[in-house]
*Asks:* 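First the structure, then my questions, so here it is.
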Amino acid sequence: MPVRLRKLIGTILIIILVITYALAAVTFASLLLGASPWWVHLLYFFFTGLLWILPAMLIIKWMEKPAKR
């Protein structure tokens, strides 16, 4: 697969990942954390704010592979 095509697909995948992850995280928080104390909200959004990086790193690693000759 050409590098430019792989980067285009990876960029689209990252955009889809961020949108769906944000919607899922906010939906989960609003349904289950409504009556929780402030520090639970702080910990939840801290960890969920960092957790999306793991799948994004895998996509970026795939995007940056050199093209096969």
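A quick note: this is a predicted structure, and the numbers were derived from the prediction, not measured.
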*Asks:* Of the non-hydrogen atoms in Thr48 and Ala25, which two are nearest, and what is the gap between them?
*Replies:*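 Minimum heavy-atom separation between Thr48 and Ala25: CB-CB, 4.4 Å.
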*Asks:* Under 4.0 Å between a side-chain nitrogen and a carboxylate oxygen: does that hold for Glu64 and Lys7?
*Replies:*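 Yes, Glu64 and Lys7 are salt-bridged.
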*Asks:* Give a yes or no on whether Val26 and Trp52 share a hydrophobic cluster (residues Ile, Leu, Val, Met, Phe, Trp, Tyr; joining criterion: side-chain heavy atoms under 4.5 Å apart).
*Replies:*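 Hydrophobic grouping puts Val26 apart from Trp52.
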*Asks:* Any chance you could measure Ile16, atom CD1, to Ile59, atom CD1, to the nearest 0.5 Å?
*Replies:*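 Rounded to the nearest 0.5 Å, the CD1-CD1 separation comes out at 9.0 Å.
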*Asks:* Starting from Leu17, can I reach Ile19 by hopping between I/L/V/M/F/W/Y residues whose side chains sit under 4.5 Å apart?
*Replies:*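 Looking at the clustering, Leu17 is in a separate group from Ile19.
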*Asks:* Checking side-chain contact (heavy atoms from CB on, under 4.5 Å) between Leu42 and each of Phe45, Phe46, Trp38, which is the one that passes?
*Replies:*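 Only match with Leu42 under side-chain contact (heavy atoms from CB on, under 4.5 Å): Trp38.
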*Asks:* Output yes when a side-chain donor or acceptor of Tyr21 lies under 3.5 Å from a complementary backbone atom of Gly49, and no otherwise.
*Replies:*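 Judged by distance alone, no pair lies under 3.5 Å.
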*Asks:* Going from CD1 on Ile53 to CG on Leu58, what distance comes out if it is rounded to the nearest 0.5 angstrom?
*Replies:*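 Output value for this atom pair is 12.0 Å.
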*Asks:* Atom CD1 of Ile9 and atom CD1 of Ile14: how far apart are they, to the nearest 0.5 Å?
*Replies:*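 Those atoms lie 12.5 Å apart.
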*Asks:* Should Leu43 and Leu50 be regarded as members of a common hydrophobic cluster, given that ILVMFWY residues are connected when their side-chain heavy atoms come within less than 4.5 Å of each other, either directly or indirectly?
*Replies:*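 As far as the 4.5 Å side-chain criterion goes, Leu50 and Leu43 are connected within one cluster.
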*Asks:* Given side chains that start at C-beta, do those of Thr11 and Met63 come closer than 4.5 Å, heavy atoms only?
*Replies:*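 Heavy-atom side-chain distance check passes, below 4.5 Å.
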*Asks:* Check whether Leu51 and Leu31 end up in the same hydrophobic cluster, where Ile, Leu, Val, Met, Phe, Trp and Tyr are linked by side-chain heavy atoms less than 4.5 Å apart.
*Replies:*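 Yes; tracing contacts between hydrophobic side chains, which count when under 4.5 Å, links both residues.
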*Asks:* Do Met57 and Ile15 land in one hydrophobic cluster if side-chain heavy atoms of ILVMFWY residues count as linked below 4.5 Å?
*Replies:*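 Different clusters: Met57 never reaches Ile15 through Ile, Leu, Val, Met, Phe, Trp or Tyr contacts under 4.5 Å.
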*Asks:* Measuring from atom CE of Met1 to atom CG of Leu8, what distance do you get when rounded to the nearest 0.5 angstrom?
*Replies:*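 Output value for this atom pair is 10.5 Å.
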*Asks:* So which heavy atom on Ala29 is nearest to which on Tyr44, and how close?
*Replies:*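 Answer, listing the atom of Ala29 first, then Tyr44: CB-CE2, 3.4 Å.
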